[in-house]
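Report on one structure; see the data block that follows.
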Amino acid sequence: MTERHSVVLSRALAFLLLLVLVDKVVLLRMAVGPLFGVRSSAELLVVVWVWLLVLLGTVAGLTFQRRWGAYLLLIFVPVSTVLLSIPLIPWITQLAPQSYRVYGMLLVNGVVLFTALLLVQGHRRRSQATRPAG
């Protein structure tokens, strides 16, 4: 993968993750709810806050082409899939029938995970190519 492809892919993923945040704005309201007197469980608040912080870190890292952005994406995909059941390409699972949406989410998040692995590999190749010999 060339550097130009990596830039386009990283920024496209960052944009999709921002769309996920827009789609799941209810989680943002849930995270700040206790500040306004809304009761919520501590475990749910921890999961939502971790999800939001990792999401924002991932978007920043992917936007600015940092290796840690791809590593955070490797963490973000399982957290979104296992803990919150959130597809990382918004609205795509709505195209499938209700009984198959879970499989659609797993497929979509698997593709995003594979893309994150490609980004990590691309960062490693570029860092090895820029090292001086010797």
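As the structure is a computational prediction, the values presented were derived from the model and not from experiment.
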Would [X] and [Y] show up in the same hydrophobic cluster when neighbours are defined by side-chain heavy atoms closer than 4.5 Å?
X: L17; Y: V50; result: yes
X: L19; Y: V8; result: no
X: F114; Y: M105; result: no
X: L44; Y: L53; result: no
X: V22; Y: V108; result: no

[Y] and [X], any side-chain heavy atoms less than 4.5 Å apart:
X: F76; Y: V112; result: no
X: L52; Y: L28; result: yes
X: T81; Y: I86; result: no
X: L72; Y: W68; result: yes
X: V59; Y: L21; result: no
X: V54; Y: T58; result: yes
X: L27; Y: L84; result: yes
X: V26; Y: R29; result: yes

Looking at [atom1] of [X] and [atom2] of [Y], how far apart are the two atoms once the value is rounded to the nearest 0.5 Å?
X: L107; Y: I89; atom1: CG; atom2: CD1; answer: 9.0 Å
X: T63; Y: R11; atom1: OG1; atom2: CZ; answer: 7.0 Å
X: I75; Y: W51; atom1: CD1; atom2: CH2; answer: 15.0 Å
X: S10; Y: L73; atom1: OG; atom2: CG; answer: 9.0 Å
X: M30; Y: L45; atom1: CE; atom2: CG; answer: 8.5 Å
X: L18; Y: L13; atom1: CG; atom2: CG; answer: 11.0 Å

Smallest separation among heavy atoms of T93 and G104, with atom names: CG2-C, 3.8 Å

Mark yes or no for whether N109, through its side chain, and V77, through its backbone, hold a donor-acceptor pair below 3.5 Å. no

Quick one: do the R124 and Q121 side chains pair a donor with an acceptor below 3.5 Å? no

